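What you are looking at is a predicted structure, and each value in this text was computed from that prediction instead of being measured. Each residue takes its place number in the sequence, starting with 1.
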Amino acid sequence: MEDDVKPDNAHIARVVIEDDEGEELEIVRHSLPYGDGHAEQGLFFIAYTKDLNIIDQMLEHMFGTTGDYIHDRLLHFTTAVNGGYYFAPSDELLAEIIDED
């Protein structure tokens with residue numbers, strides 16, 4: 001859907017973050033649904049990035065805390081129950097840490 005007709009509260013409108021030059025700040029997304037359709041069900045969502053600020057900006061846009069007070073319409077249909085940040089060091093950093101011992 002083109003930006004000029006996309007609702008401001010559409011999920012994709014809220015989570016596409018651009019830098020000052022208009023370039024999209026990208027993340028790698030990985031999602032895995034769970035459940036059998038009869039009890040608890042949901043989606044494990046993992047985002048990978050070298051810059052946590054990108055994910056923070058996406059969450060701020062989703063929850064409408066960026067000053068425009070528009071929240072992601074997806075939140076009308078989902079409930080986040082948990083979250084966390086995890087650090088996975090590069091091979092180079094691991095080698096550097098090992099060499100320090």
Side-chain angles (χ1 to χ4, degrees):
M1 185 178 288
E2 296 298 321
D3 287 342
D4 60 338
V5 295
K6 187 183 313 168
D8 290 338
N9 65 351
H11 177 67
I12 198 68
R14 299 309 295 165
V15 298
V16 171
I17 307 299
E18 297 176 346
D19 64 15
D20 294 335
E21 287 80 40
E23 293 294 318
E24 183 177 343
L25 301 176
E26 296 183 349
I27 64 171
V28 175
R29 295 166 168 89
H30 184 163
S31 58
L32 176 68
Y34 67 89
D36 60 8
H38 299 289
E40 184 176 308
Q41 54 194 350
L43 182 73
F44 288 112
F45 177 79
I46 303 170
Y48 305 91
T49 181
K50 65 179 181 177
D51 183 353
L52 287 179
N53 291 317
I54 297 171
I55 294 174
D56 287 342
Q57 287 179 53
M58 288 179 174
L59 290 171
E60 289 169 357
H61 278 81
M62 285 182 70
F63 288 97
T65 60
T66 58
D68 62 8
Y69 306 106
I70 301 170
H71 68 274
D72 193 326
R73 180 84 168 119
L74 181 66
L75 298 175
H76 289 236
F77 308 100
T78 62
T79 302
V81 294
N82 204 341
Y85 290 108
Y86 301 92
F87 175 70
S90 65
D91 288 340
E92 293 82 11
L93 181 57
L94 283 175
E96 196 175 304
I97 292 168
I98 291 169
D99 286 343
E100 290 179 2
D101 291 339

Criterion side chain to side chain contact (heavy atoms under 4.5 Å, CB included) against M58, the qualifying member of I27, T49, D72: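 Single pass found, and it is I27.
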
Value rounded to 0.5 Å, distance of [atom1] in [X] from [atom2] in [Y]:
| X | Y | atom1 | atom2 | answer |
| --- | --- | --- | --- | --- |
| H30 | Y48 | NE2 | OH | 5.5 Å |
| E60 | T65 | CD | OG1 | 5.0 Å |
| Q57 | L25 | CD | CG | 6.0 Å |
| I98 | L93 | CD1 | CG | 10.0 Å |
| I54 | D19 | CD1 | CG | 9.5 Å |

Whether over 12 other heavy atoms sit under 6.0 Å from [X] [atom1]:
| X | atom1 | value |
| --- | --- | --- |
| E40 | CD | no |
| D36 | CG | yes |
| Y34 | OH | yes |

Electrostatic pair D68:R14 at N-O distance under 4.0 angstrom: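 Yes, this pair counts.
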
Heavy-atom closest contact (A13 atom, P7 atom, distance):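 Heavy-atom minimum between the residues: CB-O, 3.6 Å.
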
Closest non-hydrogen atom pair, L94 against P89: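 Result for this residue pair: CD2-CG, 3.6 Å.
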
side-chain contact (heavy atoms from CB on, under 4.5 Å) between L32 and F45, intermediate numbers included: CA-CA 7 Å; L32 176 68; F45 177 79; over 6 Å; no

Transitive ILVMFWY side-chain link I46 to V28, under 4.5 Å: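 Per the 4.5 Å side-chain linkage, I46 and V28 are co-clustered.
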
Flag the pair [X] / [Y] as yes when at least one side-chain heavy-atom distance between them is below 4.5 Å, and no otherwise.
| X | Y | value |
| --- | --- | --- |
| K6 | I12 | yes |
| E24 | I17 | no |
| H61 | V15 | no |

Verdict with supporting geometry, H76 and H71, side-chain hydrogen bond (donor to acceptor under 3.5 Å, both in side chains): CA-CA 10 Å; H76 289 236; H71 68 274; 2.8 Å; yes

May I have the list of side-chain donor-acceptor pairs in residues 79-88 shorter than 3.5 Å, sequence neighbours left out?
residue	atom	partner	partner atom	Å
Y85	OH	D56	OD1	2.2

